[in-house]
Amino acid sequence: MKNVLAALHAATAAAIAALAAFGAAAQTQADNEPMPLDTLLRTFNWDFDNTEVTTQKIGDGLYVFFGVGGNIAASVGDQGTLIVDNMFPQMIPKVEAAIRSVGGDGVDFAINTHWHFDHADGNLALGPAGTWIVAQRNSAARMASDNLLNMVRFQYRQPAYPAAARPAVVFDDRLRFQFNGGEIDMVHVGPAHTAGDAVVIFREHNAAHFGDVFNNAGYPYIDVDNGGDVDGMIAFCQAILDEVGEAGVIIPGHGPVTDGKALAAYIDMLKTVRERVAAQMAAGKPLMEVVASRPTADFDSAIGPELQSLGFVDRVYTSLKRKADQAAD
Ligand SMILES: [Zn+2]
């Protein structure tokens, strides 16, 4: 750490403190035990008991629910209720109350944008109760085994789901629902946030739920250790932007609903940081030097927080390094 900090003499004290914290976490991470879920929830300030589910209407029959974990999109109509992502089992009674408040009753279909706990653990309540669960094939496979999530500063071992909580329907690239009078498309482009992401497009509303392929609450997390890929994340976002355009309604995995313009700006940020990291790697710089150079600095005030950006840069570097190593084999 000393050399890195010396190289940072021009940086702010806050940046140095953040890098020291990051470096300490990164250096000891291999020895770190994965956090139990309740510790992780406290770290993220996620509180099942004291968080209510709030509702935003996107258009007739389409709603977004905010609570603990990933945002939920819900199609509620004559044929029933289809939701995209489902938070945690502890939140399901509150989600079902929110569905009732907009005229629905129960959950017929639950689509998982991916297998991460904060988007899919609700499967544990919904599946055994009779909801049909749908996911991209690679995410469905992940749910059948224990997986370690390396979030750089934290680790979490997500346990396998029992069969009743796993998808009954899987797809590879695309799957269309004709439901409640509209067309709802599940689209998988390739590895991005994980290896099994699906973006769900509600065609009649030109609205897309991105899961964690698009984060609107800080820098994105790329789960590189489980097949995530920065170039894939850029390509995935661009492919969906090409389908919905700048007027599209963009429902992020986390954070407020936004539009295609914000998605375009996010793609520019990803490309810019990716190029800055790649240029330093081409010059032979090691990970900690690249992180210390703060390649996100001019985005931090808009996206922040800064400490999260360090983990993001770590994952971008690791994604590009893996690709370079594979090419060299
Ligand atoms: Zn995720």
Side-chain angles (χ1 to χ4, degrees), residues 34-35 37 40-41 43-46 64-73 83-89 91 110-124 133-161 165-167 186-200 208-230 232-237 240 250-257 263 266 270 303 308-309 311-312 314-316 318-319:
M35 277 184 178
L37 184 58
L40 196 66
L41 293 171
T43 304
F44 289 155
N45 254 333
W46 285 353
V64 176
F65 302 135
F66 304 89
V68 178
N71 297 333
I72 294 176
I83 63 173
V84 180
D85 285 351
N86 52 45
M87 302 182 188
F88 294 90
M91 295 301 290
I111 297 163
N112 299 133
T113 60
H114 63 296
W115 55 273
H116 283 163
F117 65 108
D118 55 325
H119 296 254
D121 268 11
N123 284 13
L124 296 164
I133 297 169
V134 183
Q136 203 277 340
R137 184 182 305 277
N138 299 330
S139 277
R142 287 284 176 178
M143 291 177 204
S145 60
D146 294 355
N147 293 284
L148 187 68
L149 271 87
N150 174 9
M151 292 170 272
V152 186
R153 290 165 54 227
F154 319 104
Q155 296 199 39
Y156 173 61
R157 187 177 300 284
Q158 181 174 331
Y161 292 166
R166 300 203 297 263
M186 274 120 266
V187 182
H188 170 74
V189 175
H193 169 65
T194 67
D197 301 299
V199 167
V200 182
H209 188 313
F210 268 71
D212 284 344
V213 177
F214 174 54
N215 184 20
N216 198 24
Y219 287 98
Y221 166 52
I222 305 171
D223 189 355
V224 177
D225 290 12
N226 291 309
D229 184 90
V230 62
M233 187 176 260
I234 293 166
F236 207 132
C237 288
I240 305 300
I250 305 300
I251 303 164
H254 303 268
V257 175
L263 176 61
Y266 174 81
L270 290 173
I303 299 175
Q308 195 190 43
S309 79
F312 170 57
D314 175 292
R315 295 293 84 186
V316 171
T318 306
S319 176

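Counting convention: from 1, in listed order, for ligands and their atoms alike. Along the sequence shown, the residues carry numbers beginning at 1.
A heavy-atom distance below 4.5 Å is not found between the side chains of D197 and D212. Side-chain contact check for F214 versus L270: every heavy-atom pair is 4.5 Å or farther apart. Side-chain contact between L149 and W115 is present, with heavy atoms from C-beta onward closer than 4.5 Å.
Between the side chains of D223 and H114, not a single donor N or O lies within less than 3.5 Å of an accepting N or O.
Residue side and main chain included, D223 places no N/O/S atom under 2.8 Å of the Zn ion (ligand 1).
Geometry note: the Zn ion (ligand 1) is the vertex, D212 OD2 and H114 NE2 are the arms, and the angle is 100° (rounded to 10 degrees). Seen from the Zn ion (ligand 1), atom NE2 on H193 and atom ND1 on H116 lie at an angle near 80° (rounded to 10 degrees).
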